[in-house]
Enquirer: 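The structure follows.
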Amino acid sequence: MLRALRSEVEPAIEETLADLGFPTDDLGIERPPADVDAVLATSVAYRLAGEAGAPPSAVAADIADTLGEHDLTYVGSVEAEGAYVNILPGERYYADTLAAAQEEGYGRLPDRGTDLVLEHTSANPTGPVHVGRARNPIIGDALRRLLDFAGYDVETHYYVNDAGRQIAVFTWAYETFEEDALPEPERDSPEYEMVRYYRKGNEYLEEADPEAVEAAEAEVQAILQGLEAGDEGTYERVGGVVDTVLGGMQDTLDRLPAPFDEFVRETRFMRDSSTDDVVARLKDTDYAVKEEGAWQLAFEDIEKNLVFLRGDGTSLYTTRDLAHHEWKLDTFDEAVTVLGEDHKLQARQLEATLDLLGHDTDRLRTVHYSWVTLPDGGMSTREGTGIDLDDLLDEAVDRARAEVERRVGDRVRNDQLTEADIERIARQVGVGAVRYDIVAKQPTKGITFEWERALDFEAQSAPYIQYVHARACGILAEAGEAGAGADPDRLVEPTERALLETIARLPTVVEESAAALEPHAVATYTRDLAEAFNAFYRECPVLDADPERRAARLALVRAARTATANALFVLGVEAPTSM
RNA sequence: GGGCACGUAGCUCAGUCCGGACCAGAGCGUCGGACUUCUAAUCCGACGGUCGAGGGUUCAAAUCCCUCCGUGCCCGCCA
């Protein structure tokens with residue numbers, strides 16, 4: 001409802017400023033601090049004071065007077081406070097918020113008619129998903145939900161690296177080494193079984209005697225050449241390894257969950273000759289140079305050249321990625337990619353090159369995140385260092401289960417949790433806590449992984465928000481979900497008003513977070529919402545209130561439940577009906 | 001060496017893009033308090049900060065600009 005209020009207030013302020021003879025290029029609209037009763041404000045008077053030749057407070061008073069004469073649906077009053085003009089909501093604002101938020105899809109924005117492709121994770125299919133990479137699917141999946149909620153038609157892609165040297169090494173190793181020479185797999189799952197060959201192969205290439213390494217390298221090269229030449233047999237050999245590992249990785253990602261609409265293979269752009277096509281066009285550009293036999297682009301404002309064709313005439317990962325992105329831009333209206341911070345330079349070069357090829361690169365946006373590291377260093381699939389995402393999720397669920405069981409004994413609420421309930425809650429809380437911990441932070445900040453911190457179930461974590469949802473569900477279950485015909489005018493307590501005002505912000509939060517590609521802002525919002533609900537919960541009994549109030553408060557609880565559920569949905573955190 | 005990020009209470013963070021009610025907010029931890037009352041995974045209170053340092057712009061700077069310091073990432077005819 002804040003969106004509706006804002007969209008009627010903005011033109012009114014603009015008109016007001018014009019009437020008073022002021023410029024209207026900056027309306028100075030902002031959200032007032034918590035201790036101010038307004039839901040919207042403008043500080044424009046500061047900037048106009050000089051022009052008006054009057055103190056800011058006098059200008060603010062003028063603006064408030066003129067603005068107050070407008071007939072605005074959702075505005076109760078306009079008040080000048082110092083240099084600020086504060087917009088206070090009217091009864092209609094609360095009433096419409098209460099009604100809107102009880103609808104199932106509250107917070108969802110209208111369809112924009114924009115096809116957007118979201119690429120995330122895209123980890124090389126070499127082994128188990130580890131925590132160092134886990135930020136990618138968690139941020140990625142939150143973006144999928146957020147953009148979908150904000151009205152985009154989102155298609156999610158995992159770009160599969162099935163053409164690189166690592167995969168060639170993997171295929172060679174898988175075909176070369178016997179299983180009995182390998183350690184026991186850490187888990188009974190394909191990617192854990194397969195990664196042993198990958199590690200063994202890399203170890204061999206580093207430690208075997210030079211002649212043996214040379215022979216092995218020749219086999220690896222043969223695989224790479226086979227792919228480049230479009231040899232079907234080679235595709236099949238490599239594809240078998242890739243599919244097996246990817247299948248296992250997908251099972252892990254499903255636990256988050258992080259679903260994909262399509263797994264786009266890199267070899268696709270070699271086979272359909274679009275990579276050759278890109279190369280041909282790049283050679284024709286003014287920035288193309290041939291140095292030491294290799295074709296490259298020499299950018300004006302990027303230090304490093306981009307090699308797009310090797311001296312031996314074969315393409316590089318980057319070249320194929322260019323073909324990949326041309327396809328994205330041809331097929332979709334917008335493209336968003338979630339990448340690690342190590343890809344920043346490449347992302348810049350990619351964009352510059354696409355720009356060079358005549359594409360509108362404003363349609364392409366990238367979200368970069370910093371690594372999750374261990375206290376004593378990074379994580380690596382090849383070296384087998386790091387925490388597997390499966391282990392983290394298992395541990396999280398185990399700890400959550402222990403917590404649920406500990407609470408069953410001194411449970412105040414008179415309900416019976418079955419074994420299935422306990423398992424459900426443990427999974428929702430455990431996985432939710434991991435997701436929330438990661439999605440609530442700005443992606444650009446580095447995270448050092450520590451078990452205790454990642455699995456803290458106290459306030460400012462997923463369970464804190466989930467608990468609010470469970471409480472709301474509990475009240476509604478007790479009340480039998482009745483309460484139609486609620487009179488919003490009965491909601492006059494400060495905590496009731498504050499809760500409604502917070503609920504009213506959800507669509508704005510969705511809109512702004514989606515525009516900025518910042519799901520963490522939704523997480524910040526969920527905390528405000530949970531705090532507002534808890535304050536209301538403390539001050540306002542629902543079930544024992546007199547009939548009129550009870551009906552109104554039940555409606556408010558229902559609205560809060562929907563807002564909480566939907567905000568959690570956007571984050572990809574499940575909303576338990578009981579805890 | 002160059003480029004790009006990040007630096008806010010003891011710890012983990014929000015606020016920084018778009019300067020304004022910020023003499024800066026949470027949570028954890030510490031200390032104290034609230035379950036015969038709709039779920040105490042909750043709530044209330046106390047303690048805790050020269051917003052990395054310095055300079056500049058501005059009526060106004062955590063927020064913009066510059067310099068420096070610290071940390072991370074990148075600088076391959078790898079992916």
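Proteins get letters first, then strands, A, B, ... in listed order; numbering begins at 1 in each.
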Enquirer: Could you check whether A:Lys445 gets within reach of a base, just the sugar-phosphate, or nothing at all, counting any heavy atom under 4.0 Å?
Expert: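 It contacts base atoms.
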Enquirer: On a whole-Å scale, what distance lies between the C1' atoms belonging to B:C22 and B:G33?
Expert: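 The answer is 30 Å between these two C1' atoms.
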Enquirer: May I ask you to verify whether the side chain of A:Gln442 and the base of B:A5 hold a donor-acceptor pair under 3.5 Å?
Expert: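 Flag unset: no donor-acceptor pair detected.
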Enquirer: Give one of base, sugar-phosphate or nothing for A:Pro56, where a contact means two heavy atoms less than 4.0 Å apart.
Expert: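 Counting heavy atoms under 4.0 Å across all strands, no contact is made by A:Pro56.
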Enquirer: Could you check whether A:Gln296 gets within reach of a base, just the sugar-phosphate, or nothing at all, counting any heavy atom under 4.0 Å?
Expert: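 Result for A:Gln296 = nothing.
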Enquirer: For A:Tyr464, which contact category applies under a 4.0 Å heavy-atom criterion: base, sugar-phosphate, or nothing?
Expert: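 Touches sugar-phosphate only.
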Enquirer: Could you tell me whether A:Leu417 contacts a base, only the sugar-phosphate backbone, or nothing, with contacts defined as non-hydrogen atoms closer than 4.0 Å?
Expert: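 Answer is nothing: A:Leu417 stays at 4.0 Å or more from every strand.
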Enquirer: Between B:G52 and B:A5, how many Å separate the two C1' atoms, rounded to a whole number?
Expert: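 To the nearest whole Å, 15 Å.
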Enquirer: Using a 4.0 Å cut-off on heavy atoms, which residues in residues 512-524 of chain A reach RNA chain B? List them by number, or say none.
Expert: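 Within this stretch, A:His520, A:Thr524 sit under 4.0 Å of the strand.
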Enquirer: Heavy atoms under 4.0 Å, any strand shown: does A:Val404 hit a base, just sugar-phosphate, or nothing?
Expert: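 Base: the residue A:Val404, judged by heavy atoms under 4.0 Å, touches a nucleobase.
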Enquirer: Would you say the side-chain atoms of A:Arg505 pair up with the backbone N or O of A:Leu2, donor to acceptor, closer than 3.5 Å?
Expert: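 Between the backbone of A:Leu2 and the side chain of A:Arg505 there is no qualifying donor-acceptor contact (under 3.5 Å).
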Enquirer: Could you tell me whether the side chain of A:Asp162 and the main chain of A:Gly239 form a donor-acceptor pair under 3.5 Å?
Expert: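 Checking the backbone N and O of A:Gly239 against the side chain of A:Asp162, no donor-acceptor pair under 3.5 Å is found.
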Enquirer: So what does A:Trp295 hit on the nucleic acid, given a heavy-atom distance under 4.0 Å: a base, only sugar-phosphate, or nothing?
Expert: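 The residue A:Trp295 makes no contact with any strand.
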Enquirer: Would you indicate what A:Gln346 reaches in the nucleic acid, counting non-hydrogen atoms under 4.0 angstrom: base, sugar-phosphate, or nothing?
Expert: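 A:Gln346: base contact, heavy atoms under 4.0 Å.
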Enquirer: Say we look at B:G25 and B:U8: how far apart would their C1' atoms be, to the nearest angstrom?
Expert: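 That atom pair is separated by 10 Å.
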Enquirer: Under 4.0 Å between any heavy atoms, over every strand shown, what does A:Ser578 touch: base, sugar-phosphate, or nothing? Just pick one.
Expert: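 Base contact.
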Enquirer: If you look at every strand shown and take non-hydrogen atoms under 4.0 Å, does A:Asp437 touch a base, only sugar-phosphate, or nothing?
Expert: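 The residue A:Asp437 makes no contact with any strand.
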Enquirer: Which pairs count as salt bridge (Lys or Arg N to Asp or Glu O under 4.0 Å) when at least one residue sits in residues 426-449 of chain A, sequence neighbours excluded?
Expert: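 Residue pairs passing salt bridge (Lys or Arg N to Asp or Glu O under 4.0 Å), neighbours aside: A:Asp141-A:Arg435, A:Arg427-A:Glu574, A:Asp437-A:Lys441.
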Enquirer: For the residue pair A:Glu30 and A:Ser43, confirm or rule out a side-chain donor-acceptor distance under 3.5 Å.
Expert: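 Yes, because at least one side-chain N or O of A:Glu30 sits under 3.5 Å from a partner of the opposite role on A:Ser43.
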Enquirer: Which part of the nucleic acid, if any, lies within reach of A:Val429 when heavy atoms closer than 4.0 Å are counted: base, sugar-phosphate only, or nothing?
Expert: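 The answer is base, as A:Val429 lies within the cut-off (heavy atoms under 4.0 Å) of a base atom.
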Enquirer: Does the distance from a Lys or Arg side-chain N to an Asp or Glu carboxylate O, for A:Arg6 and A:Glu511, drop under 4.0 Å?
Expert: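 Looking at A:Glu511 together with A:Arg6, the answer is yes, because their closest N to O distance falls below 4.0 Å.
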Enquirer: So what does A:Gly446 hit on the nucleic acid, given a heavy-atom distance under 4.0 Å: a base, only sugar-phosphate, or nothing?
Expert: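 It contacts sugar-phosphate atoms only.
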Enquirer: Where the side chain of A:Arg407 is defined as all heavy atoms beyond and including C-beta, which of B:A41, B:U8, B:U42 is the nearest nucleotide?
Expert: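 When the side chain of A:Arg407 is considered, B:A41 is the closest of B:A41, B:U8, B:U42.
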Enquirer: May I ask you to say what A:Val542 touches in the nucleic acid, namely base, sugar-phosphate or nothing, with a heavy-atom cut-off under 4.0 Å?
Expert: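 If one applies the 4.0 Å heavy-atom cut-off, A:Val542 turns out to touch a base.
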Enquirer: On a whole-Å scale, what distance lies between the C1' atoms belonging to B:C73 and B:U30?
Expert: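 It works out to 37 Å between them.
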Enquirer: Taking A:Tyr158 for the side chain and A:Glu119 for the main chain, is one N or O donor matched with an acceptor at less than 3.5 Å?
Expert: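 Judged by distance alone, no pair lies under 3.5 Å.
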Enquirer: Could you check whether the side chain of A:Glu341 and the base of B:A5 have a donor-acceptor pair of N or O atoms closer than 3.5 Å, going by distance alone?
Expert: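 Checked by distance alone, the answer is no.
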Enquirer: Only Watson-Crick and G-U wobble pairs with both distances less than 3.5 Å should count. Give RNA chain B in dot-bracket notation, marking inter-strand partners with |.
Expert: (((((((..((((......[....)))).(((((.......))))).....(((((..]....))))))))))))....
Enquirer: Under the 3.5 angstrom rule, does the side chain of A:Thr418 hit a backbone N or O of A:Asp421 as a donor-acceptor pair?
Expert: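 Here the side-chain-to-backbone pair exists.
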